[in-house]
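Written below as structure tokens is the structure these notes are about.
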Amino acid sequence: FQPKPLAGKRVLLTAGPTVEPIDPVRVISNRSSGKTGYALARAAREAGAQVTLVSGPTALPAPRGVDVYPVQTARQMHQAVMAQARQADIFIAVAAVADWHVKNAATQKMKKTESGAGAPVLEFEPNPDILADVARLDGGPWCVGFAAETENLSEYAQAKRQRKNIPLLVGNLAHEVMDADDTRLVLFDDRGEHPLPAAGKLDAARRLVAEIAARLPR
Ligand code: C5P
């Protein structure tokens, strides 16, 4: 038993949603409380790591001893992560990143009309895939991804792990864990599928940190 399995390691995480403006007062976002990512940041810190958390807007306090970089948009999150990824030993992408941003976002508040005519038509442009970009770095960190699915978890999760070319992907069923305090994680690696017991998000995070530490190349 090693009490500090991540001593001397640098862990970079993303957490929370990203927020994409439509105009100065309206946004498009994803549902994400940030609880899992913040719990993992805390668990990694407890395990002895130096932890940096790039976070979209959440209602959560910064975990003790963790450096937090607040961001709003996926492109800001991408920039903050890429600036720090080469210094990290482990990257854990927990954020619910918006897949698209609004290409024709307005710089002034859009006004509605009495008649309801002239409703805006939004045009979308894809956001960068932060996890895939970090996984592509030469000599980059050991990468962990998350997949929240509503169905076919095993199939989608293994496909996603291979597509993003990462050693470990953590799956959960979105409707079970969204906003909840408990979670049920399933690990997918090159040896297959490993379900973890249902647990509170902090206990699940501590278990996941132990699973990551056990898989790190020495
Ligand atoms: O492709 P998908 O969004 O389903 O993959 C989820 C995983 O990829 C999560 O780990 C998420 O944080 C990460 N991701 C990312 N950048 C994106 C989209 C997803 O880092 N633009």
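Computed from a prediction, not measured in an experiment: that's the story for all the values here. Indexing begins at 1, ligand by ligand and atom by atom, following the structure's order.
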- [ ] Salt-bridge test for K160 and E149: reply yes if a basic N is under 4.0 Å from a carboxylate O, no otherwise.
- [x]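 Salt bridge present between K160 and E149.
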Open item on the list: According to side-chain contact (heavy atoms from CB on, under 4.5 Å), who are the partners of Q87, at least two apart in sequence or on a separate chain?
Closed with: R10, Q84
Open item on the list: Run the side-chain contact (heavy atoms from CB on, under 4.5 Å) test against K103 and tell me which residues pass, sequence neighbours left out.
Closed with: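 Checked K103 against side-chain contact (heavy atoms from CB on, under 4.5 Å); matches are E123, E125.
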TODO: Write down the atom of K164, the atom of D129, and the distance for their closest heavy-atom approach.
DONE: NZ-OD2, 2.7 Å
Open item on the list: Whether the side chain of D23 engages the backbone of R26 through a donor-acceptor N/O pair (distance < 3.5 Å, no angle test) should be reported.
Closed with: yes
Open item on the list: By the side chain to side chain donor-acceptor pair (under 3.5 Å) test, which pairs, at least two apart or in different chains, include something from residues 191-204?
Closed with: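 For residues 191-204, and leaving out neighbouring residues, the side chain to side chain donor-acceptor pair (under 3.5 Å) pairs sorted by first residue read S154-E193, D189-H194.
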Short N or O contacts of ligand 1 with protein, under 3.5 Å, listed by atom name?
| residue | atom | partner | partner atom | Å |
| --- | --- | --- | --- | --- |
| ligand 1 | 1 (O) | K164 | NZ | 2.8 |
| ligand 1 | 4 (O) | K160 | NZ | 2.4 |
| ligand 1 | 5 (O) | K164 | NZ | 3.0 |
| ligand 1 | 8 (O) | K164 | NZ | 3.0 |
| ligand 1 | 10 (O) | A93 | O | 2.6 |
| ligand 1 | 10 (O) | F146 | N | 2.8 |
| ligand 1 | 10 (O) | F146 | O | 3.3 |
| ligand 1 | 12 (O) | A93 | O | 3.3 |
| ligand 1 | 12 (O) | A95 | O | 2.7 |
| ligand 1 | 16 (N) | I130 | N | 3.0 |
| ligand 1 | 20 (O) | L131 | N | 2.9 |
| ligand 1 | 21 (N) | P128 | O | 2.8 |

